[in-house]
Asker: 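Next up is a structure, given as structure tokens.
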Amino acid sequence: MLIHINGINSNDMVNGEGVSVSLFMQGCPHHCPGCFNPETWDFEGGYEVEEQEVLDTIINSMTAN
């Protein structure tokens, strides 16, 4: 299954406690004032990727030394 994402940050120390992996989805109708990621609002932005590729990337990032 294809999903639409904006990006994946491995070894992310900004978006949570400690070191983590952050997945940013693409497309948001809310457009909240002060939004941290307004570049994710556009439903046509980002890119499509296979669901399994996203899962593999997250798992590999979490288990990397």
Side-chain angles (χ1 to χ4, degrees):
M1 176 171 102
L2 287 174
I3 58 174
H4 212 99
I5 68 171
N6 180 270
I8 299 175
N9 290 348
S10 299
N11 300 316
D12 191 348
M13 293 183 277
V14 176
N15 293 298
E17 293 183 28
V19 179
S20 61
V21 179
S22 296
L23 170 64
F24 296 95
M25 303 303 291
Q26 185 69 41
C28 180
H30 301 292
H31 301 190
C32 299
C35 176
F36 184 68
N37 294 312
E39 67 275 7
T40 64
W41 293 355
D42 183 4
F43 282 88
E44 300 300 319
Y47 58 97
E48 288 185 329
V49 63
E50 287 287 339
E51 178 182 3
Q52 189 60 52
E53 183 179 342
V54 172
L55 293 173
D56 291 344
T57 299
I58 292 170
I59 291 168
N60 289 336
S61 295
M62 292 173 59
T63 59
N65 291 327

Asker: Please determine whether residues I3 and I8 belong to a single hydrophobic cluster, defined as Ile, Leu, Val, Met, Phe, Trp and Tyr linked transitively by side-chain heavy-atom distances below 4.5 Å.
Answerer: yes
Asker: Going by the rule side chain to side chain contact (heavy atoms under 4.5 Å, CB included), which residues pair with H31 if we only count those two or more places apart in sequence or in a different chain?
Answerer: W41
Asker: Ignoring hydrogens and angles, state whether a donor on the side chain of D12 or S22 is under 3.5 Å from an acceptor on the partner side chain.
Answerer: yes
Asker: Please list, chain by chain and in numerical order, all residues satisfying side chain to side chain contact (heavy atoms under 4.5 Å, CB included) with I59, sequence neighbours excluded.
Answerer: none
Asker: Tell me if a side-chain donor or acceptor on Q26 pairs with a main-chain N or O of E39 at a distance below 3.5 Å.
Answerer: yes
Asker: Are I5 and M62 connected in the hydrophobic side-chain network, where two residues link if heavy atoms are under 4.5 Å apart?
Answerer: yes
Asker: Compile the donor-acceptor pairs under 3.5 Å between side chains in residues 42-52 and protein atoms, sequence neighbours left out, one pair per line.
Answerer:
from, atom 1, to, atom 2, distance (Å)
D42, OD1, E44, N, 2.8
E50, OE1, M1, N, 3.2
Q52, NE2, D56, OD1, 2.8

Asker: Which residue is it: I58, T57, T63? I am looking for the one with a side chain to side chain contact (heavy atoms under 4.5 Å, CB included) to S61.
Answerer: T57
Asker: Rounded to the nearest 0.5 Å, what's the gap from CG on N37 to CE on M25? Could you check?
Answerer: 13.0 Å
Asker: Between atom CG of N15 and atom OG of S20, what is the distance when rounded to the nearest 0.5 Å?
Answerer: 7.0 Å
